[in-house]
Amino acid sequence: MSKFIINGQRPLKGEITVSGSKNAALKIFPVALLTHEPIKVFNVPEIEDIFRAQEMLIALGHEVKKTGKGAFELKFKNQKSADLPAGLVNKFRASVMFVGPMLVKFGEVRFPHPGGCVIGAAMRPIDMFVDNFEKMGAKVELSNNYYRLTAKKLKGADIFFHDITVTGTESLMMTACLADSETLLKNCAMEPEIVSLAEYLNSVGAKIEGAGTSTIKIKGVKKLRGGEYKIIPDRIEAGTFAMMAAASNAKIDIKNCEPKHLEALWFLFDKIGVNYKLSKDSISISPSKKLLAYDAKTHEYPGFATDLQPPYTVLMTQAYGSSLIHETIHDRRLLFTDSLTQMGANIVMADPHRVVVNGPTKLYARKLVSPDLRAGVALIIAALISRGKTEIDNIYQIDRGYERLDERLRNIGADIKRIS
Ligand code: EPZ
């Protein structure tokens with residue numbers, strides 16, 4: 001496995017550019033199944049999860065042609081199979097996004113229960129996908145952990161999500177575009193990536209209303225045209241870099257981002273006393289006098305994003321006072337705090353969803369392993385402010401979601417090397 005070697009306490013300074021959003025870009029690949037016409041996509045981050053999504057689309061009979069940096073053309077060639085390749089499904093959870101489009105376009109899809117992130121209940125459930133496709137008329141068979149869904153035609157349904165799910169909302173929204181009559185989705189996720197996807201789908205003939213609110217109405221249409229889609233900036237990357245700069249007391253300009261997608265973080269920055277300035281598409285962080293501890297509770301958008309919780313927890317190890325961090329969305333997403341404690345942080349786990357961080361504490365280098373992509377980057381931030389040389393193993397997890405991260409960090413003065 002590849003690893004990062006990081007010598008901490010280097011002064012960081014300069015400019016870092018944010019990539020296209022992983023969680024927006026991933027969804028255009030299942031959407032490509034819904035049309036035989038070409039789709040041109042731009043500002044796609046070139047990361048492992050995107051490569052897996054491209055491999056999945058190719059396995060299902062599409063051509064994926066790279067037309068430039070972060071630019072691809074997706075085109076239907078011929079439907080090769082109804083099987084989602086098990087090797088891919090077990091690599092990343094977002095593979096479940098291909099189920100609906102396969103079902104509504106080709107009438108059949110077979111796949112094993114998806115794997116991917118270690119966060120979330122051991123086998124992150126997919127009941128809100130399978131049960132709702134069944135509600136739209138699909139026949140569902142499950143034998144030794146393998147699903148087979150078939151449907152002559154999907155019909156619109158009235159669907160309530162028992163939990164707010166981003167990929168569930170996106171999956172049912174894109175699938176319902178080609179289903180009969182009308183589908184109503186209630187208790188939807190409201191992430192900017194969902195709004196962006198709905199805007200793209202409407203630009204190619206879909207009839208979607210309400211994306212970005214908790215109720216989305218989709219009128220089925222006969223077909224979708226091909227089109228062009230520019231991926232929005234990655235708000236999680238932008239927020240993560242902002243917290244990295246604040247934790248390392250650096251002067252960093254974060255470019256090509258959408259500060260309006262991070263209201264919950266700016267609320268926290270005001271409470272903590274981070275010295276920051278926002279423009280329409282950039283964030284400037286300067287050294288702060290003193291960081292104050294402040295409680296944070298993750299919540300679906302527009303609340304404080306669960307994907308920003310790990311870097312925030314590292315930031316709180318450098319703040320004066322005690323902060324309660326409450327992770328309400330994913331199980332196991334606080335387990336990485338064990339590594340921070342080994343590095344010298346003073347963190348008490350109140351229960352699997354809550355930790356109390358007492359700061360500020362000096363952090364010291366350790367040999368670590370990246371559990372998931374967001375905790376992995378949080379450990380990189382901890383390493384950048386630690387004394388000594390930290391080793392972080394299993395950096396595939398980091399490469400899943402961050403493009404050329406070590407290169408971009410070196411450009412602002414970090415001493416980070418990749419050892420394959
Ligand atoms: C999306 O995951 C993101 N992934 C996640 O980002 C993000 O953390 C999450 O939204 C919350 O913002 C992508 O967009 C690819 P879920 P999502 O598993 O919507 C329950 C990252 O780091 N649930 O649906 O797929 C589930 O157990 C990743 O970029 C069911 O019960 O999250 C959880 O409690 C990590 N049944 C909740 O819903 C289902 O069928 C939401 O989790 C599906 C989900």
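In this text the structure is predicted, and so the values were computed from the model without any measurement. Whatever order the structure lists them in is the order used to number ligands and atoms, beginning at 1.
- Other residues, nucleotides and ligands place more than 12 heavy atoms under 6.0 Å from the NZ atom of Lys255.
- Annotation: Val166 places an N or O atom under 3.5 Å from an N or O atom of ligand 1; distance criterion only.
- Atom numbering of ligand 1 starts at 1 in the shown order; those under 4.0 Å from a heavy atom of Lys22 are 21 (C), 29 (O).
- Under a 4.0 Å heavy-atom criterion, Glu170 is not in contact with ligand 1.
- The aromatic ring centroids of Phe76 and His62 lie less than 6.0 Å from each other.
- Closest heavy-atom approach to atom 33 (C) of ligand 1 within the set Thr165, Asp331, Ile329: this belongs to Ile329.
- Neither the backbone nor the side chain of Glu193 has any atom closer than 4.0 Å to an atom of ligand 1 (non-hydrogen atoms only).
- Within the listing of ligand 1, atoms 40 (O), 43 (C) sit less than 4.0 angstrom from a heavy atom of Phe129.
- Residues Thr313 and Gln309 are in side-chain contact: their nearest non-hydrogen atoms beyond the backbone lie under 4.5 Å apart.
- Contacts between His299 and ligand 1, counted as non-hydrogen atom pairs separated by less than 4.0 Å, are absent for every part of the residue.
- Remark: Val221 pairs with Leu178, Lys207, Leu224 by the side chain to side chain contact (heavy atoms under 4.5 Å, CB included) rule, at least two apart or across chains.
- In this structure, Phe42 has its ring center at least 6.0 angstrom away from the ring center of Phe72.
- Residue-level proximity to ligand 1 for His162 is carried by the side chain, the only part with a heavy atom below 4.0 angstrom.
- Annotation: Arg374 places an N or O atom under 3.5 Å from an N or O atom of ligand 1; distance criterion only.
- Side-chain contact between Glu170 and Met97: present, with at least one pair of heavy atoms (C-beta onward) separated by less than 4.5 Å.
- Residue Asp307 touches ligand 1 through its side chain alone, judged by heavy-atom distances below 4.0 Å.
- For Met128, a nitrogen or oxygen atom sits less than 3.5 Å from a nitrogen or oxygen atom of ligand 1, counting backbone and side chain alike.
- Checking Thr306, Leu373, Leu26, Leu308 against atom 11 (C) of ligand 1, the nearest heavy atom belongs to Thr306.
- Within the 4.5 Å cutoff, the side chain of Val166 has no heavy atoms near those of the Tyr301 side chain.
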List the atom pairs, with distances to 0.1 Å, where a side-chain N or O of residues 99-108 and a protein N or O form a donor-acceptor pair under 3.5 Å, not counting sequence neighbours.
{"unit_1": "Glu108", "atom_1": "OE2", "unit_2": "Arg110", "atom_2": "NH1", "d": "2.5"}
{"unit_1": "Glu108", "atom_1": "OE2", "unit_2": "Arg148", "atom_2": "NE", "d": "2.8"}
{"unit_1": "Glu108", "atom_1": "OE2", "unit_2": "Arg148", "atom_2": "NH2", "d": "3.4"}

